[in-house]
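First listed ligand is number 1; within each ligand, the first listed atom is number 1. Residues: numbered from 1 along the sequence shown. Computed from heavy atoms alone, side chains included, the values below leave out hydrogens, waters and symmetry copies.
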Amino acid sequence: MIKTDILIIGAGPTGLFAVFEAGLLKLKCHIIDALPQPGGQLSEIYPKKPIYDIPGFPEVLAGGLVDNLMNQIKAFEPGFTLGERAETIEKLDDGSFIVTTNKGTKHHAPVIAIAGGLGSFEPRKPPLNNIDLYEDKGIAYFIKNPEIYRDKKVVIAGGGDSALDWTIYLADVASEVTLIHRRNEFRGALDSVEKAQELRKLGKINLITPAEVTELHGDEKLEALTVSRNGIEERLETDHFIPLFGLAPKLGPMANWGLEIEKNAIKVNNALDYQTNIPGIFAIGDVNTYPGKLKLILCGFHEATLMCQSAFQIVNPGKKYVMKYTTVSGVDGFDGSRKEAPKAVIKSIE
Ligand SMILES: Cc1cc2nc3c(=O)[nH]c(=O)nc-3n(C[C@H](O)[C@H](O)[C@H](O)COP(=O)(O)OP(=O)(O)OC[C@H]3O[C@@H](n4cnc5c(N)ncnc54)[C@H](O)[C@@H]3O)c2cc1C
């Protein structure tokens, strides 16, 4: 059982910044995300796009903003459960919660902050019979640890950047890599397409186009695929099959947690602290709704900041917290680090 003060569901910018604000209040955080990497929409949808409306950054790449947020929260040593979807929430008699993921990992906390954005990003699965029987037994929709493919036979399907990037990467790791796409043209970056072509010419990868995987075979685990090209079917032996057809966000399990939902988002009390209809559960960032709501990163940062004030009261009942500027108080990391402004430059104002 993972124990923490604030359990954050969603590692998008809102969830990440909540760790910083909680850290200033000496509250520990743990974050769950269905994706294998932090950053939410910024990492998954537009990592290379510039953002122009982050205060103090005239221009910042989405991926760069995520890197900065990760850097900013490092000293507060957040825990991460990545690649797992928060599935159920159970409220205990003492008012605390147990959140269990789809992989069975259990987390216990007195405060839950749902920062789930548009919902958890779920892989688009190919319509193949019995595909769920082979999940984690040869079929995966994300690559969390490329080392598991070392010296194995791997088939990747898809025509976008992920399919191309992983084919190129695994060419040096796996014993055999085959890329299958239903068209001859790829939608990925030009240099990735060229690199894949070069690897094929060198015999380091196999390319099968236009083709589709139509059947899966294997007893205990995946052993082979049927591939159809121009109406001709052939059997392809493989250890792993990785369909990379993109991800789609789904509100998913959050819709079944007894929370008040409006317009596919969680209704919160925006007059105070973004708490939901269940005391102790807050919803911040794109996932919430209230009059005047704007789905912007800076609004998520603001909501995370106010939420932490109420979380402090739940974790430390009766204890008074007086807000201090970081320029005055400095930042004390849980790892023993300390950042503070030189005393001669900043004086405290009582
Ligand atoms: C193309 C594009 C451009 C944009 N440009 C801008 C811009 O210029 N400026 C701006 O301010 N905003 C912009 N936005 C909007 C901005 O990206 C969102 O406001 C922001 O990502 C919201 O952050 P968040 O942390 O609330 O949610 P998200 O970034 O959506 O992160 C939520 C995370 O929660 C996870 N999650 C959800 N449910 C679960 C669950 N049950 N279990 C585990 N994990 C779960 C998801 O996997 C996801 O990683 C843009 C959006 C897009 C798509």
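The 12-atom threshold is exceeded at OH of Tyr46, counting heavy atoms of other residues, nucleotides or ligands nearer than 6.0 Å. Within 6.0 Å of NZ on Lys106 lie no more than 12 heavy atoms contributed by other residues, nucleotides or ligands. No more than 12 heavy-atom neighbours from other residues, nucleotides or ligands sit within 6.0 angstrom of NZ on Lys137. Residue-environment remark: NZ (Lys152) stays at or below the threshold of 12 foreign heavy atoms within 6.0 Å.
Taking the six-membered ring where the residue is Trp, Phe301 and Phe17 present tilted rings, their angle falling between 30° and 60°. Relative ring orientation between Tyr321 and Phe312 is described as tilted, the plane-to-plane angle lying within the 30° to 60° band.
Ligand 1 has no atom lying under 4.0 Å from any heavy atom of Gly300. Using a 4.0 Å heavy-atom cutoff, Gly252 is absent from the residues neighbouring ligand 1. Ligand 1 has no atom lying under 4.0 Å from any heavy atom of Val287. The shortest heavy-atom distance from Glu44 to ligand 1 is not under 4.0 Å.
The closest side-chain donor-acceptor pair between Thr226 and Glu233, if any, does not fall under 3.5 angstrom. For the residue pair Asp273/Gln275, the side-chain donor-acceptor check at 3.5 Å is satisfied.
Between His30 and the choices Thr81, Thr4, Asp5, the side-chain hydrogen bond (donor to acceptor under 3.5 Å, both in side chains) rule is met once, by Thr81.
The nearest heavy-atom contact from the protein to atom 14 (N) of ligand 1 is Tyr46 OH, 3.2 Å. The protein atom (non-hydrogen) at minimum distance from atom 53 (C) of ligand 1 is Gln41 OE1, 3.6 Å. Atom 27 (O) of ligand 1 has Gly117 CA, 3.2 Å as its closest protein atom, hydrogens excluded (heavy atom only). At the shortest separation from atom 36 (N) of ligand 1 among protein heavy atoms lies Ser120 CA, 3.7 Å. The protein heavy-atom contact nearest to atom 43 (C) of ligand 1 is Ala34 N, 3.3 Å.
Under 4.0 angstrom from ligand 1, the non-hydrogen atoms of Glu84 all belong to its backbone. The proximity of Asp53 to ligand 1, defined as any non-hydrogen pair under 4.0 Å, is limited to the side chain. Only the side chain of Ile9 comes within 4.0 Å of ligand 1, counting heavy atoms alone; its backbone N, CA, C and O stay farther away. For Leu42, every heavy-atom contact with ligand 1 shorter than 4.0 Å involves the side chain, none the backbone. Under 4.0 angstrom from ligand 1, the non-hydrogen atoms of Lys295 all belong to its backbone. Using a 4.0 Å cut-off between heavy atoms, Ala115 contacts ligand 1 through its backbone alone, with no side-chain atom that close.
In terms of N/O distances under 3.5 Å, ligand 1 is not approached by Lys49. Considering backbone and side-chain N/O atoms, Asp33 comes within less than 3.5 Å of an N/O atom of ligand 1. For the pair Ile297 and ligand 1, the shortest N or O to N or O distance falls below 3.5 Å.
Per-residue contacts place Gly40 under 4.0 angstrom from the following atoms of ligand 1 (heavy atoms of the residue considered): 29 (O), 31 (O), 48 (C), 49 (O). The atoms of ligand 1 that sit less than 4.0 Å from any heavy atom of Ala86 are 40 (C), 41 (N), 42 (N), 43 (C). Atoms of ligand 1 lying under 4.0 Å from at least one heavy atom of Gly10, given by number and element, are 33 (C), 34 (O), 35 (C). Close approach of ligand 1 to Leu118 (heavy-atom distance below 4.0 Å) involves ligand atoms 30 (O). Of all the atoms in ligand 1, the ones that sit under 4.0 Å from a non-hydrogen atom of Leu35 are 47 (O), 49 (O). In the vicinity of Arg85, heavy-atom distances shorter than 4.0 Å reach the ligand 1 atoms 40 (C), 41 (N), 42 (N), 43 (C). Every atom of ligand 1 is numbered from 1 in the order shown, and the set under 4.0 Å from a heavy atom of Gly285 is 26 (O). Near Ile51, meaning under 4.0 Å from any of its heavy atoms, are these atoms of ligand 1: 7 (C), 8 (O), 9 (N).
Here the closest non-hydrogen pair linking Tyr134 and Leu222 is CD2-N, 3.5 Å. Closest approach of Lys293 and Glu303 over heavy atoms only: NZ-OE2, 3.0 Å.
The NZ atom of Lys221 sits 12.0 Å away from the CD1 atom of Ile139 when rounded to the nearest 0.5 Å. One finds the CD atom of Gln197 at 8.5 Å from the CZ atom of Phe186 (value rounded to the nearest 0.5 Å).
Note on Arg183 versus Glu185: no salt bridge recorded, every NZ/NE/NH1/NH2 to OD/OE distance being 4.0 Å or above. For the pair Glu340 and Arg338, the salt-bridge criterion is met [side-chain N within less than 4.0 Å of a carboxylate O].
Counting only non-hydrogen atoms, the option in Thr81, Val99, Asp286 that gets closest to atom 18 (C) of ligand 1 is Asp286. Compare Ile8, Thr14, Asn102 by their heavy atoms: the one nearest to atom 25 (O) of ligand 1 is in Thr14.
For the pair Leu244 and Trp166, the minimum side-chain heavy-atom distance is below 4.5 Å.
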